[in-house]
Amino acid sequence: MAAFEGIIKTFHQVDKDKDGIITKADLKKYQVEEGLKPTFVTKWLNLFDQNKDGVIHYHYFCKRLGVKDDTYNPEGTSNVNRNIYHSDLTEGTLDKAMKIIA
């Protein structure tokens, strides 16, 4: 569960305005601030941009990872009810996602 907590924390760090939505511009800003490779933005969008419109919604982000999160909590505190459920990613892709975003 700790790996998922780290990934969710990363989402919150990218989502500076705490609205539960990450834009391509948000990703790019985070990528530059953290000194990450430019492929970070492309990989996140490929994995989590459900509609391919340059926007990642928190609910779909969690669903894609197989983490149930009923409440958006920008502080990432443990009072959020999280449970692991079935991800639509293959096991290999999920492992790659964990390495990309953790």
Side-chain angles (χ1 to χ4, degrees):
M1 183 65 92
F4 286 110
E5 293 295 331
I7 292 168
I8 290 171
K9 182 178 179 182
T10 300
F11 184 99
H12 298 308
Q13 290 171 340
V14 176
D15 181 21
K16 302 267 189 218
D17 62 3
K18 309 299 182 204
D19 63 357
I21 296 171
I22 293 176
T23 65
K24 186 175 182 178
D26 294 333
L27 287 170
K28 180 65 178 170
K29 184 176 180 181
Y30 183 81
Q31 175 254 316
V32 170
E33 288 173 353
E34 297 297 316
L36 302 171
K37 294 180 182 179
T39 55
F40 169 81
V41 174
T42 305
K43 289 177 180 180
W44 265 59
L45 290 172
N46 286 340
L47 283 168
F48 303 114
D49 181 5
Q50 181 179 25
N51 300 323
K52 305 301 179 204
D53 60 358
V55 177
I56 299 170
H57 295 270
Y58 184 69
H59 175 75
Y60 183 74
F61 174 81
C62 288
K63 180 180 177 186
R64 186 85 163 124
L65 288 173
V67 178
K68 183 178 180 186
D69 200 326
D70 298 329
T71 307
Y72 180 70
N73 183 350
E75 304 310 317
T77 56
S78 61
N79 66 345
V80 178
N81 180 21
R82 288 197 187 99
N83 299 302
I84 304 299
Y85 72 110
H86 179 71
S87 172
D88 62 353
L89 295 173
T90 65
E91 188 172 327
T93 303
L94 185 56
D95 287 342
K96 288 178 187 175
M98 299 285 273
K99 290 176 185 171
I100 292 167
I101 61 181

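If you read the sequence from its start, that first residue is 1, and numbering goes on from there. Nothing here was measured: the structure is a model prediction, and the numbers come from that model.
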List for me each residue that meets side-chain contact (heavy atoms from CB on, under 4.5 Å) alongside Lys29, sequence neighbours excluded, and say none if there are none.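 Lys29: side-chain contact (heavy atoms from CB on, under 4.5 Å) contacts with Glu33.
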With sequence neighbours left out, what residues match Asn51 under side-chain contact (heavy atoms from CB on, under 4.5 Å)?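 Residues passing side-chain contact (heavy atoms from CB on, under 4.5 Å) with Asn51: Asp53.
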At what distance, to the nearest 0.5 angstrom, does [atom1] of [X] lie from [atom2] of [Y]?
| X | Y | atom1 | atom2 | value |
| --- | --- | --- | --- | --- |
| Gln50 | Arg64 | CD | CZ | 9.5 Å |
| His57 | Lys63 | NE2 | NZ | 13.0 Å |
| Asp19 | Tyr58 | CG | OH | 13.0 Å |

Using the ring of each side chain (for Trp, its six-membered ring), is Phe61 parallel, tilted or perpendicular to Trp44, with breaks at 30° and 60°?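 Ring orientation, 0 to 90° scale: parallel.
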Find out whether Asp15 and Ile21 are in side-chain contact, i.e. whether some heavy atom of one side chain is under 4.5 Å from a heavy atom of the other.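 A side-chain contact is absent here, since even the closest heavy-atom pair is not under 4.5 Å.
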Distance-minimising heavy-atom pair for Phe48 and Tyr60: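 Taking every non-hydrogen atom into account, O-CD2, 3.3 Å.
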With [X] via side chain to side chain donor-acceptor pair (under 3.5 Å) - residues at least two apart:
| X | answer |
| --- | --- |
| Lys28 | Gln31 |
| Asp49 | none |
| Gln13 | Tyr30 |

Heavy atoms from other residues, nucleotides or ligands near NZ of Lys52 exceed 12 (cutoff 6.0 Å):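 Yes - once you tally the heavy atoms of other residues, nucleotides and ligands closer than 6.0 Å, there are more than 12.
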Test side chain to side chain contact (heavy atoms under 4.5 Å, CB included) applied to Val41 and Lys24, step by step: CA-CA 7 Å; Val41 174; Lys24 186 175 182 178; 4.0 Å; yes
Answer with yes or no whether the hydrophobic clustering places Val32 together with Phe40; edges join I, L, V, M, F, W, Y residues whose side-chain heavy atoms lie under 4.5 Å apart.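 Val32 and Phe40: separate clusters.
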With side chain to side chain contact (heavy atoms under 4.5 Å, CB included) as the test, would you mind laying out the steps for Leu27 and Ile56 before giving the verdict? CA-CA 10 Å; Leu27 287 170; Ile56 299 170; 3.9 Å; yes
